[in-house]
Protein chains: 2
Amino acid sequence: MARPTMEDVAARAGVSRALVSLVMRGSPKVSERRRQAVLDAAAELDYAPHAMARSLASRTSTLLGVLVSDLHNPFFAEIVDGLDEVARAEGFELIINTGGLDPERERDAVGRLLSFRPAGLALLGAAVPSADIADAARRLPVVVVARPARIARVGTVNDDGRLGARLAVDHLVDVGHTRITHFDGGRTTEARIRRDGYAAAMRAHGLEPDVIRSEYTDAGGEKAAARLLERGGELPTAVVAANDVNAVGALSTFADAGLAVPDDISVVGYDNTALSALRRIALTTVDQPRAEMGQLAARALVRRAQAGRGKPERRLVTPSLVVRSTTAPPRR
Amino acid sequence: MARPTMEDVAARAGVSRALVSLVMRGSPKVSERRRQAVLDAAAELDYAPHAMARSLASRTSTLLGVLVSDLHNPFFAEIVDGLDEVARAEGFELIINTGGLDPERERDAVGRLLSFRPAGLALLGAAVPSADIADAARRLPVVVVARPARIARVGTVNDDGRLGARLAVDHLVDVGHTRITHFDGGRTTEARIRRDGYAAAMRAHGLEPDVIRSEYTDAGGEKAAARLLERGGELPTAVVAANDVNAVGALSTFADAGLAVPDDISVVGYDNTALSALRRIALTTVDQPRAEMGQLAARALVRRAQAGRGKPERRLVTPSLVVRSTTAPPRR
DNA sequence: ATTGTTGATTAGAGCGCTCTAATTTGGAGC
DNA sequence: GCTCCAAATTAGAGCGCTCTAATCAACAAT
């Protein structure tokens, strides 16, 4: 059960502990003969360096703290995939906590992550109070992903939600729609940006914006669609939903009401999660490059961790439209 | 940037380092007066213990290593949620790596996790060679989740796939089906168990099993359905799919072929992922209690980590049927 | 005052490693 | 053989903490 230490390897190889350390770190200033001896001894003992001891002694860390608001949401899971990919390549490990969008719990989670003195901290769509983020950013590189924020020393990675919303509107206008309603994502900054983008795009086409308050869930989409139907008056011919699950909720309600999609009404989602690609759903949607966002975040942290200092970047990735089967010219 | 150490707190509070250590660990044998002094000093300096130093000195760890084959799959993400919940409650943190079902890469990932000397290791649906798992199990508590395995000293948490498959078949037979085809999940042990469960259940009802080789993906479901249609002869009236995404793939193909679900053909999924609950999909499926599986795994690790020794458990959780709208009596 | 006794506090070693500075080695050059 | 020098190796301190054993304080009992 007790694993061998560097001391054991040194004894077996007939060298000093320091030499074993050099070999383990791949130092070039070790003679070939000794290196082999050490490597052999290590292999015989099945030795592997103790990452924590190493970290403590070298005052460096190969840990990246990650706080995910909701792992269960595939959107974040795919960002974590991107983080993981870069972390692996750069020799870092992810230490993950979830926050569940509860500020108190998220503060605690951040504190626990920081107690490991990680090399950097990534917050994915988290609701941690800005003041705490700022505090953390004084001690280590921090990057906030999928939540627009301007906090001193804090890097961000977001998609250009304004552009994304415009892509959706432009596409619908292109195929002939003029009455386009937006189901929004609620009170978050991200939702506000998309909503503003939608409104600006509508006005640019000389059209009247029409927003129904909603949220980033399946049920939210159902309710918003129901409200739209109850509202009376002329129905829009297209809907720009808050995100993919919201769109799928709307799809359900429209189907129940006997409305055909896309013939009676077109629907555009947002995120391009795996969900939208299912042929059964085939949702036209705005792609957010999630893996890329995760990669950018990880690279930013690694870079700043290694460079000692370095100013945080605010990255805006470019969304793109993916046209599937839920949009078509309006029936005239 | 340099965080205060226990030494700093001790100096400020006018006590020894050891006393600060006791206070930080909530020891009862500290006078109230000193405790307050230490707590105040710690607060003033914004001190927080260094988890790695603590871990090194105490020869214990509050890290649980987690290897996820595919985080992007919501099934695993929800298991991680369960792990995270228990870990948080018990004062542990998760250190996560993904393996992508590539045995070589997974071996490496396990090695990296072990270099942190975690208190336990959870493998979620991973493809790590059994020999490596056995090796790891010699050094620390290991639990394999969602992958039936019998390895010395290794705990497991799985659902009873045989029962799950039977639930699906029984339900279909109950509502009147007799020609029921299974799209299987390929070569994995889990898939074999479900396949055997399906076949046994069919025979128990005096029916002939009929399996089409498939896999745990959307595309796999589409292909299997296509093969079924091309095969000619009388079509089955129901399909037990490998899992939810496989079922959704089948749904798409059936829709394209003009087959109505559930009127022309019933479909049952497996897993009860969020996907199946979408009203647009409303898939009848077998629920695997994923969060519970994660919780059980975490608890098993924590228990064994704290108990020193302790024999690994093999837990079998009970799946249950969730009837939605893709199953109905066959048309006669 | 002296002696116990119990509870509170601390000294000091050590966890497994890295890092700096010092020492040793092995030739090259004479 | 001897000197010098660069390359190879090592001694030893120290990272921030915990743990054991020893010391100290306070107070009741004699």
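Each chain gets a letter, A, B and so on, in the order its sequence line appears, and its residues count up from 1.
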Side-chain heavy atoms of L56(A) within contact of H50(B), under 4.5 Å: yes

Residue pairs fulfilling salt bridge (Lys or Arg N to Asp or Glu O under 4.0 Å) with at least one residue in residues 51-60 of chain A, sequence neighbours excluded: none

Partner set under side-chain hydrogen bond (donor to acceptor under 3.5 Å, both in side chains) for R147(B), not counting sequence neighbours: none

Side chains of R105(B) and T98(B), donor plus acceptor under 3.5 Å: yes

Of residues 40-58 of chain B, the positions that come close to DNA chain D - non-hydrogen atoms, cut-off under 4.0 Å: Y47(B), P49(B), H50(B), A53(B), R54(B), A57(B), S58(B)

Test side-chain hydrogen bond (donor to acceptor under 3.5 Å, both in side chains) applied to S21(A) - qualifying residues, sequence neighbours left out: R25(A)

Under 3.5 Å: donor-acceptor pair, side chain of N73(B), backbone of F75(B): yes

D84(A) vs L71(B), side-chain contact (heavy atoms from CB on, under 4.5 Å): CA-CA, chis, key distance, verdict: CA-CA 10 Å; D84(A) 181 73; L71(B) 237 195; over 6 Å; no

Side-chain touch P74(A)/P74(B), heavy atoms, less than 4.5 angstrom: no

Side chain to side chain contact (heavy atoms under 4.5 Å, CB included) against A297(A), all qualifying residues, sequence neighbours excluded: L83(A), V143(A), V145(A), V157(A)

Close residues, residues 6-20 of chain A, relative to DNA chain C [heavy-atom separation under 4.0 Å]: M6(A), R17(A), A18(A)

Stepwise side-chain contact (heavy atoms from CB on, under 4.5 Å) test for M52(B) and F116(A): CA-CA 6 Å; M52(B) 289 202 181; F116(A) 284 86; 4.2 Å; yes

Within residues 23-36 of chain B: residues closer than 4.0 Å to DNA chain D (heavy atoms): R25(B)

Bending between helix ends of the helix from dA1(C)-dT30(D) to dC30(C)-dG1(D) [5 pairs per end, 10° resolution]: 50°

Span of DNA chain C, from the first to the last nucleotide whose atoms fall under 4.0 Å of chain B heavy atoms: dA8(C) to dG16(C)

Partner set under side-chain hydrogen bond (donor to acceptor under 3.5 Å, both in side chains) for D159(A), not counting sequence neighbours: Y270(A)

Minimum side-chain heavy-atom gap E190(A)-P148(A) below 4.5 Å: yes

Summary of salt bridge (Lys or Arg N to Asp or Glu O under 4.0 Å) pairs that have at least one residue in residues 34-51 of chain A, sequence neighbours excluded: R12(A)-E44(A), E32(A)-R35(A), D46(A)-R139(B)

Side chain to side chain contact (heavy atoms under 4.5 Å, CB included) partner of I79(A), the single match among R290(A), E292(A), Q295(A): R290(A)

Sequence-distant partners of R107(A), side chain to side chain contact (heavy atoms under 4.5 Å, CB included), two or more places apart: E104(A), P129(A), D132(A)

